[in-house]
Amino acid sequence: MTRHFLELSDLSPGDLTAVLDLSERSDPPQVLAGKGMALLFEKPSARTRNSVEMAVVQLGGHPVTIRDDEVGLDIRESCEDVARTLSCYHHAIGARVFDHGKLERLAAASSVPVVNLLSDRSHPIQALADLLTIRQHVGRLDDVTLAYVGDGNNMAHALAQATELCCLNVRVSSPPGYRLEEATKAELVDDPADAVRGADVVYTDTWVSMGQEAEAAKRRPLFAPWRVTAELLALAAPDAIFLHCLPAHRGDEVVDAVLDGRQSRVWAQAANRMHTTRGLLAFLLGAS
């Protein structure tokens with residue numbers, strides 16, 4: 001049976017450990033030797049395109065990046081027809097889309113694994129990189145408290161799902177009207193200071209995601225109390241680390257002193273995007 005990865009919850013706790021272990025292997029299994037992976041981008045990207053393309057190369061494969069204007073999901077062809085066609089040529093398909101429903105339709109029609117490279121619902125490949133970064137820099141995943149402050153968006157949703165896979169405690173604090181709807185076992189906290197207090201990891205994301213630019217002026221004053229400043233970070237555990245999935249809007253959701261400070265691990269986190277994508281693809285394609 002073809003295994004897809006549309007959300008973090010598609011993995012079991014054992015699967016997650018296997019993916020993270022594969023991500024750290026210095027000898028990546030060549031599961032894509034002589035094979036291709038199609039990468040569909042409705043939304044542009046810097047980290048996702050570069051990290052996924054290089055992960056495919058390191059597994060011996062050939063990435064084929066396809067822009068939205070080249071395929072036009074449900075415009076030139078239906079999602080189903082695109083999936084069936086690309087399955088003829090490739091051993092995996094990745095898609096970065098606006099609407100999560102398109103991913104589900106691609107997966108239903110595809111005969112090869114489909115990977116969510118980002119949707120409006122979730123960003124699970126980023127969450128994998130986050131978990132590997134925590135494991136490497138905190139030393140464990142169990143009994144770690146992560147405080148996410150900011151928009152209750154697809155990133156918050158993906159991190160909340162991590163509570164189901166390991167003993168990671170996730171607190172999510174967002175302004176009224178922008179709170180996480182599906183929290184799984186995450187704790188929803190009104191005050192960002194209460195969320196951050198004593199946390200091992202402090203995490204934030206942009207206040208204005210791609211496609212929401214018209215809301216920027218409205219959002220900034222509402223989100224200002226959720227800005228990660230040195231004062232807010234000081235409420236966390238003394239050895240806490242700071243994470244951001246990037247791109248960062250300096251001075252909005254985070255100040256320079258935090259993003260560039262000694263507790264920041266955002267560049268290690270960005271590097272792990274490539275490593276965990278490689279580990280995930282190796283896992284989906286049968287490596288052990």
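If you read the sequence from its start, that first residue is 1, and numbering goes on from there. Any value given below was found using the heavy atoms of this structure, including those in side chains, with hydrogens, waters and symmetry copies removed. Predicted model, so just to flag it, every value in this text is computed and none were measured.
Proximity of a side-chain donor or acceptor of Thr85 to a complementary backbone N or O of Asp81 within less than 3.5 Å is detected.
There is no side-chain donor-acceptor pair under 3.5 Å between His157 and Glu181. Counting only N and O atoms by type, the side chains of Trp226 and Ser174 include no donor and acceptor under 3.5 Å apart. A donor-acceptor pair shorter than 3.5 Å can be found between the side chains of His100 and Ser119. Side-chain contact, Glu24 with Gln136: a donor N or O sits under 3.5 Å from an acceptor N or O. With hydrogens and angles left out, the side-chain atoms of Asn154 and Ser122 include no donor and acceptor closer than 3.5 Å. A donor and an acceptor atom, one from each side chain of Ser9 and Glu7, are nowhere located under 3.5 Å apart. One side chain, Thr48 or Arg273, offers a donor N or O that lies under 3.5 Å from an acceptor on the other. For the residue pair Thr133 and Arg265, no side-chain donor N or O sits within less than 3.5 Å of a side-chain acceptor on the partner. No hydrogens or angles considered: nothing links the side chains of Tyr148 and Asp130 as a donor-acceptor pair under 3.5 Å.
More than 12 heavy atoms of other shown residues, nucleotides or ligands fall within 6.0 angstrom of atom CZ in Arg179.
The aromatic ring centroids of Phe242 and Tyr203 lie 6.0 Å or more from each other.
In summary, of the residues considered (Val149, Thr206, Leu259), a side chain to side chain contact (heavy atoms under 4.5 Å, CB included) with Val254 occurs for Leu259 alone.
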